[in-house]
Chemist: 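One structure, as structure tokens, below. Some questions next.
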2 protein chains.
Amino acid sequence: MKATYSISELAEEFGITTRTIRFYEEKGYLTPKRNGTRRIYSPADRTSLRLILRGKRLGLTLDETADMIKMYGSPSGNQKQLEKFIVRIGEKRSELEQKRRDLEVMLSDLQSVEKKCHVALAEVAGRE
Amino acid sequence: MKATYSISELAEEFGITTRTIRFYEEKGYLTPKRNGTRRIYSPADRTSLRLILRGKRLGLTLDETADMIKMYGSPSGNQKQLEKFIVRIGEKRSELEQKRRDLEVMLSDLQSVEKKCHVALAEVAGRE
DNA sequence: TATTACGTTTACGTTAACGTAAAGTAAATA
DNA sequence: TATTTACTTTACGTTAACGTAAACGTAATA
């Protein structure tokens with residue numbers, strides 16, 4: 001497990017451009033250390049980046065993803081704050097569960113189309 | 001089951017604006033009939049809209065979703081076309097399965113945070 | 001030592017997916 | 001008949017998430 005990463009290493013690993021990584025920093029979603037003028041990324045930075053890209057794949061905005069990343073910190077605060085926080089978690093969860101339902105439907109639709117395809121293929125093959 | 005819908009009926013049902021629906025038509029993703037100048041939506045149009053919004057929730061672009069909708073038609077063509085089509089379906093499926101894995105991870109992360117919250121709550125409650 | 005590789009900042013450009021506003025039509029209702 | 005109510009077209013505006021290009025710095029290599 002490497003201790004630090006350059007910007008182009010991360011860009012290559014995740015299949016994105018360095019511009020994208022700098023953009024995330026510009027917007028405050030990443031805060032790498034510097035060696036002189038060069039950016040130095042820690043494993044924690046790398047993890048943040050991974051989470052950002054995961055959120056992106058699921059159609060979350062950067063703000064939404066940043067919100068989720070914040071949630072991952074260990075929960076603190078008084079009773080009221082904790083209770084509010086639990087409510088927020090519940091809201092996020094139902095969003096994600098909706099997405100999961102959408103996914104299941106799409107996947108099963110795809111599967112049924114694939115079956116039809118194989119039937120049609122057998123049709124064609126049977127005619128030669 | 002209604003036979004036709006007005007634009008505002010659909011907008012209200014799906015929680016979007018009429019502008020959004022007109023935009024989808026402008027881009028060719030919907031093609032309602034007309035009664036004079038008024039748009040008349042069939043149940044099939046409504047289904048298309050539902051699929052578009054489902055894709056949107058999952059972070060698909062309109063083009064990607066339109067592609068998927070096209071796939072849902074009954075498959076036709078010669079052997080080569082069918083085989084190519086099956087490959088495309090497989091690609092789409094692995095995309096969606098990646099999304100599903102992402103979702104599962106996020107959901108389980110959320111759940112573990114929620115547990116921590118309840119522990120913290122018990123802590124606080126035990127102190128009064 | 002020249003040049004290649006990798007990095008930097010600054011700044012304007014682009015695209016998708018709508019928002020918003022203006023100005024008009026057409027049917028239903030007071 | 002006057003006025004809502006619902007709908008229309010046209011057109012410019014906005015935001016997120018980067019792309020692209022210019023001009024420059026620095027460190028390793030030929």
Side-chain angles (χ1 to χ4, degrees), chain A residues 2-42 45-46 48-70 95 98-99 102, chain B residues 2-42 45-46 48-70 95 98-99 102:
Chain A
K2 290 195 59 173
T4 69
Y5 307 85
S6 75
I7 192 170
S8 54
E9 280 174 339
L10 289 185
E12 187 176 4
E13 173 177 359
F14 291 111
I16 59 182
T17 68
T18 58
R19 174 66 177 100
T20 297
I21 298 180
R22 289 198 195 94
F23 173 77
Y24 293 157
E25 178 179 350
E26 200 179 316
K27 293 294 172 178
Y29 304 118
L30 285 176
T31 50
K33 294 284 182 299
R34 296 281 179 135
N35 177 6
T37 166
R38 305 272 169 103
R39 291 170 172 82
I40 304 294
Y41 297 88
S42 68
D45 292 325
R46 181 163 161 270
S48 295
L49 183 53
R50 183 201 302 287
L51 294 180
I52 291 173
L53 296 175
R54 174 180 296 156
K56 192 186 165 189
R57 283 195 297 271
L58 291 174
L60 303 188
T61 67
L62 285 170
D63 273 355
E64 286 171 334
T65 303
D67 254 43
M68 292 229 29
I69 293 180
K70 273 185 209 163
E95 259 182 61
Q98 175 63 53
K99 281 181 200 282
D102 288 334
Chain B
K2 291 195 62 175
T4 69
Y5 307 85
S6 76
I7 192 169
S8 54
E9 281 174 337
L10 289 185
E12 187 177 3
E13 173 177 359
F14 291 110
I16 59 183
T17 68
T18 59
R19 174 65 178 101
T20 297
I21 298 179
R22 290 198 194 94
F23 173 77
Y24 293 158
E25 178 179 351
E26 201 179 315
K27 292 293 172 179
Y29 305 117
L30 286 175
T31 50
K33 294 282 181 301
R34 296 282 180 136
N35 177 5
T37 166
R38 304 275 167 104
R39 292 171 171 81
I40 305 294
Y41 297 87
S42 69
D45 292 325
R46 180 163 162 272
S48 294
L49 183 52
R50 184 200 302 286
L51 293 180
I52 291 173
L53 296 175
R54 175 179 297 156
K56 193 184 164 190
R57 282 195 297 270
L58 291 174
L60 302 189
T61 66
L62 285 170
D63 274 354
E64 286 171 336
T65 302
D67 255 43
M68 292 228 31
I69 293 180
K70 274 184 208 161
E95 258 182 62
Q98 175 63 54
K99 281 181 201 283
D102 288 334

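Note on naming: letters A, B, ... go to the chains in the order of the sequence lines (proteins, then strands), and numbering restarts at 1 for each one. Small disclaimer: the values here were computed from a predicted structure and weren't measured.
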Chemist: Run the side-chain contact (heavy atoms from CB on, under 4.5 Å) test on A/Arg46 and A/Glu13 for me, step by step, so that the C-alpha distance in whole Å, both residues' side-chain angles and the decisive distance to 0.1 Å come before the verdict.
Modeler: CA-CA 10 Å; A/Arg46 181 163 161 270; A/Glu13 173 177 359; 2.8 Å; yes
Chemist: I need the residues from residues 8-17 of chain A with at least one non-hydrogen atom less than 4.0 Å from DNA chain C; give them sorted by number, or say none.
Modeler: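 Residues of residues 8-17 of chain A that come under 4.0 Å of DNA chain C are, in numerical order, A/Ser8.
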Chemist: Crowded around A/Lys2 NZ? As in, over 12 foreign heavy atoms under 6.0 Å?
Modeler: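 Yes - once you tally the heavy atoms of other residues, nucleotides and ligands closer than 6.0 Å, there are more than 12.
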Chemist: Could you grab the distance from atom CD1 of B/Ile40 to atom CD1 of B/Ile7, nearest 0.5 Å is fine?
Modeler: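 Between atom CD1 of B/Ile40 and atom CD1 of B/Ile7 there are 10.5 Å.
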Chemist: Are the side chains of B/Asp67 and B/Leu60 in touch, meaning some heavy atoms are under 4.5 Å apart?
Modeler: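 A side-chain contact under 4.5 Å is absent here.
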Chemist: Quick one: label B/Thr18 by what it contacts on the DNA or RNA (base, sugar-phosphate, nothing), any heavy atom closer than 4.0 Å.
Modeler: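 Since no nucleic acid heavy atom lies under 4.0 Å of B/Thr18, the category is nothing.
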Chemist: According to side chain to side chain donor-acceptor pair (under 3.5 Å), who are the partners of B/Arg54, at least two apart in sequence or on a separate chain?
Modeler: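 Testing B/Arg54 for side chain to side chain donor-acceptor pair (under 3.5 Å), a comparison that skips the adjacent residues, returns none.
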Chemist: Contacts to DNA chain C from residues 22-32 of chain A, heavy-atom cutoff under 4.0 Å, which residues?
Modeler: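 Close to the strand are A/Arg22.
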Chemist: With a cut-off of 3.5 Å and sequence neighbours excluded, list every side-chain donor-acceptor pair involving residues 26-36 of chain A.
Modeler:
unit_1  : atom_1 : unit_2  : atom_2 : d
A/Tyr29 : OH     : A/Asp63 : OD1    : 2.4
A/Arg34 : NH1    : A/Thr37 : O      : 2.8
A/Arg34 : NH2    : A/Glu25 : OE2    : 3.4

Chemist: Between P on C/dT25 and CG on B/Asn35, what's the gap in Å once rounded to a whole number?
Modeler: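 Answer to the nearest Å: 18 Å.
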Chemist: For B/Ser8, what residues pass the side chain to side chain donor-acceptor pair (under 3.5 Å) criterion, not counting sequence neighbours?
Modeler: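 Partners of B/Ser8 by the side chain to side chain donor-acceptor pair (under 3.5 Å) criterion, ordered by chain and then number, come out as B/Ser6.
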Chemist: Less than 4.5 Å apart, side chain to side chain, heavy atoms only: is that true for A/Leu49 and A/Asp45?
Modeler: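 No - every pair of side-chain heavy atoms lies 4.5 Å or more apart.
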Chemist: Between A/Arg34 and B/Lys56, which has a closest nucleotide on DNA chain C that is more 5'?
Modeler: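 Nearest nucleotide further toward 5': that of A/Arg34.
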Chemist: For DNA chain D, which nucleotides open and close the run of contacts to chain B, 5' to 3', at under 4.0 angstrom from a non-hydrogen atom?
Modeler: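 The footprint of chain B covers D/dA6 to D/dA11.
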Chemist: Where is the tightest heavy-atom contact between A/Lys56 and A/Thr65, given as atom of each residue plus distance?
Modeler: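 The answer is N-OG1, 4.4 Å.
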Chemist: Give a yes or no on this: more than 12 heavy atoms of other residues, nucleotides or ligands lie within 6.0 Å of atom CD of A/Glu95.
Modeler: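 Count over threshold, so yes.
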